[in-house]
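Down below is the structure, laid out as structure tokens.
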There are 2 protein chains.
Amino acid sequence: MLRVLSVFTGSEGDFFVGSREVMRVVNPISPAVKAEIDQILEAIIYLYTESRRITKEVARRANLTGPQLTVVKLLEHLGSLSLTELSEKIRSQNSTVTGIIDRMEREGLVSRARSQEDRRVVHIHLTDKGAQLALEVAVEPMEIFRAAIEDLTPTETKELMKILTKIAKRVQRAVATATERSVKPTDSKSKEPTS
Amino acid sequence: MLRVLSVFTGSEGDFFVGSREVMRVVNPISPAVKAEIDQILEAIIYLYTESRRITKEVARRANLTGPQLTVVKLLEHLGSLSLTELSEKIRSQNSTVTGIIDRMEREGLVSRARSQEDRRVVHIHLTDKGAQLALEVAVEPMEIFRAAIEDLTPTETKELMKILTKIAKRVQRAVATATERSVKPTDSKSKEPTS
DNA sequence: CACTAATGCTTCGTGTGCTAAGTGTTTTCA
DNA sequence: TGAAAACACTTAGCACACGAAGCATTAGTG
């Protein structure tokens, strides 16, 4: 149930782009369908960005940034985590998390402890101050979004899940095909769709 | 049809968080429903992040960053835009776009031109080099995502639109209520920067 | 056992991204 | 009309975010 706890660590500026070359999808669409698709995209975008904004707002009240709040809540729930574990949870690079932890350590919210079993590993845990802060920020992750989904009828929920999963699968296939084909020029980076 | 052209200019790290305090939604949910909701969230997150990743990848091949590619394609389609118009299109602050344009101008991809009608305004347009680059990167925005949605049956598309819109509306209401209540600086937190 | 590869983390450089504050230009309106 | 407000943009300071390179430490191999 903590699976989706720490997910929206957004990156720097990007936006949806697909390549026609890559996709080879050129079937013409009616304007009506196009409008529907636009509306779907807008809704998804709205939900994503709005949720991010809310997170930030909640964090700000506790004098934290978005990622810092994420870390605080993760450590509160899971106790101690290695830096790499933390990176995976918040879907960021190790180097990014190093910076976040640096700043949080500076503020006295977390502390690092070298592992005894494997001296490469650093365990990160909340300090008393950090734990106190975690208590004060009574936040459950993604709650607004989750509540909105709960508001649907069971049928709608199932339907939504089914359709979104279908889209995700379709995108995964497209990505797989695309990267496969484009690993020849200046060494294209590719990534597995981590289901 | 360019409405959703330049949308995913992500911000820095945040993630979905809602506050129970704020929402006041505490009805217990069955584990099954919780799992469904998680799956829905995962799908949305996947679609968002994957699309961003794809954009970045496409941009990298043209020696551009995500936002820069967005700007190039926007200017290619729309000709000249003021900085503020550009900011709105890519959903970023003016100050952010100033930086992006600075770097693109440095690379000789775009140029600034003070407006004659209103001397506060700066028009940005592609240089020959920028236009050439735009041609080389044959990209239609959000195409992978769009193609995946087109792959649905008409019924599914309508249903998806309906449900997502419903969720978005619900979130909007929740946000409105929440901000209404929290506009006052609820200074109840331990805010000692200790720096 | 030595040697290489892999792993965990940090450092560095660049590019967003935001807010707040600053500089000019128009608009508004008393 | 003339000062205040609004607007367009830039600057400055901070916090991500990523990739690449570097430093230890551990694992894997001959």
Side-chain angles (χ1 to χ4, degrees), chain A residues 6 8-15 49 52-53 55-57 59-60 63-71 81-88 90-107 109 112-124 186-191, chain B residues 6 8-15 49 52-53 55-57 59-60 63-71 81-88 90-107 109 112-124 193 195:
Chain A
S6 54
F8 265 115
T9 310
S11 321
E12 86 281 4
D14 293 308
F15 78 127
T49 54
R52 224 183 36 202
R53 201 189 59 69
T55 301
K56 206 167 178 176
E57 167 60 21
R60 202 188 51 71
N63 255 307
L64 292 174
T65 64
Q68 287 174 6
L69 174 57
T70 308
V71 169
L81 285 174
S82 78
L83 192 130
T84 296
E85 286 167 346
L86 210 44
S87 305
E88 285 162 1
I90 72 178
R91 283 165 157 71
S92 289
Q93 300 298 314
N94 280 357
S95 54
T96 300
V97 177
T98 292
I100 294 171
I101 297 302
D102 281 350
R103 287 179 288 272
M104 292 181 73
E105 203 173 19
R106 195 180 65 204
E107 298 298 323
L109 299 175
R112 286 174 160 98
R114 207 100 220 173
S115 165
Q116 292 309 311
E117 304 83 56
D118 185 339
R119 298 194 42 74
R120 291 170 300 184
V121 175
V122 170
H123 292 304
I124 294 141
T186 31
D187 172 44
S188 287
K189 196 75 70 73
S190 62
K191 200 188 91 178
Chain B
S6 55
F8 265 115
T9 309
S11 323
E12 86 280 3
D14 293 308
F15 78 129
T49 55
R52 223 184 37 203
R53 198 191 64 70
T55 302
K56 205 168 179 176
E57 166 60 23
R60 203 188 53 71
N63 257 307
L64 291 174
T65 65
Q68 288 175 5
L69 174 58
T70 308
V71 169
L81 286 174
S82 78
L83 193 130
T84 297
E85 286 166 345
L86 210 44
S87 305
E88 285 161 1
I90 71 177
R91 284 165 158 66
S92 289
Q93 300 300 312
N94 279 356
S95 55
T96 299
V97 177
T98 293
I100 293 170
I101 297 302
D102 281 350
R103 286 179 288 272
M104 292 180 74
E105 203 172 20
R106 194 182 65 204
E107 298 298 323
L109 299 174
R112 286 173 160 99
R114 206 99 220 175
S115 165
Q116 292 309 311
E117 305 84 54
D118 185 338
R119 296 195 42 73
R120 293 171 298 181
V121 175
V122 170
H123 292 304
I124 295 142
S195 51

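Computed from a prediction, not measured in an experiment: that's the story for all the values here. Note: hydrogens, waters and symmetry copies are ignored here, and every other heavy atom, side chains too, is used. Reminder, nothing fancy here: chain letters follow the sequence lines and each chain counts from 1.
Within the nucleic acid shown, B:Ser82 comes within 4.0 Å of sugar-phosphate atoms alone, with no base atom in reach, counting heavy atoms only. Across all strands, B:Gln93 comes closer than 4.0 Å to base atoms (heavy-atom distances).
A heavy-atom distance below 4.5 Å is not found between the side chains of A:Arg114 and A:Val121. Contact check for A:Asp102 versus A:Arg112: side-chain heavy atoms found under the 4.5 Å cut-off.
For the pair A:Arg60 CZ and D:dA15 P, the computed distance is 15 Å after rounding to whole Å. Rounded to an integer number of Å, the gap from B:Ile101 CD1 to C:dG15 P is 14 Å. Remark: C1' of D:dC14 and CG of A:Asn63 are 14 Å apart, rounded to the nearest angstrom. Counting to the nearest Å, the C1' atom of D:dA8 and the CG atom of B:Leu81 are 15 Å from each other. Summarising the geometry, the separation between CD on A:Glu105 and C1' on C:dC9 is reported as 13 Å, rounded to the nearest angstrom. Spacing between atom CD of A:Gln68 and atom P of C:dC18 amounts to 17 Å, rounded to whole angstrom units. In this structure, B:Ile100 atom CD1 and C:dT14 atom P are separated by 17 Å, rounded to whole Å. Separating the CD atom of A:Glu85 from the P atom of C:dG8 is a distance of 9 Å, rounded to the nearest angstrom.
Residue A:Arg91 places none of its side-chain N or O atoms closer than 4.0 Å to OP1 or OP2 of D:dC16. Contact between the side-chain N/O atoms of A:Ser92 and the OP1/OP2 oxygens of D:dC16 is not found at any separation under 4.0 Å. Between A:Arg106 and D:dC14 there is no side-chain polar atom (N or O) within less than 4.0 angstrom of OP1 or OP2. Between C:dT16 and B:Thr65, a contact under 4.0 Å exists linking OP1 or OP2 to a side-chain N or O. Between B:Thr84 and D:dC9, a side-chain N or O to OP1/OP2 separation shorter than 4.0 Å is present.
With rounding to the nearest 0.5 angstrom, the CD1 atom of B:Ile101 is 12.5 Å from the CZ atom of B:Arg106. Taking CD from A:Gln68 and CD1 from A:Ile90, the interatomic distance works out to 10.5 Å, rounded to the nearest 0.5 Å. Taking CZ from A:Arg91 and OG1 from A:Thr70, the interatomic distance works out to 12.0 Å, rounded to the nearest 0.5 Å. Between the OG1 atom of A:Thr65 and the NZ atom of A:Lys56 there is a distance of 9.0 Å, given to the nearest 0.5 Å. Expressed to the nearest 0.5 Å, how far NE2 of A:His123 lies from CD of A:Gln116 amounts to 9.0 Å. Note that CD1 of A:Ile124 and CD of A:Glu85 are 9.0 Å apart. Values are rounded to the nearest 0.5 Å.
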What pairs of nitrogen or oxygen atoms, one from the protein and one from nucleotides 22-27 of chain C, lie under 3.5 Å apart?
from: C:dT26; atom 1: OP1; to: B:Arg119; atom 2: N; distance (Å): 2.8

Check: protein-nucleotides 10-12 of chain C nitrogen or oxygen pairs below 3.5 Å:
from: C:dT10; atom 1: OP1; to: A:Arg112; atom 2: NE; distance (Å): 2.8
from: C:dT10; atom 1: OP1; to: A:Arg112; atom 2: NH2; distance (Å): 3.2
from: C:dT10; atom 1: OP2; to: A:Thr98; atom 2: OG1; distance (Å): 2.8

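In summary, of the residues considered (B:Thr98, B:Asn94, B:Thr96), a side chain to side chain donor-acceptor pair (under 3.5 Å) with B:Ser87 occurs for B:Asn94 alone.
Summarising the geometry of B:Leu83 relative to B:Val97, their closest heavy-atom pair is CG-CG1, 4.0 Å, with the distance given to 0.1 Å.
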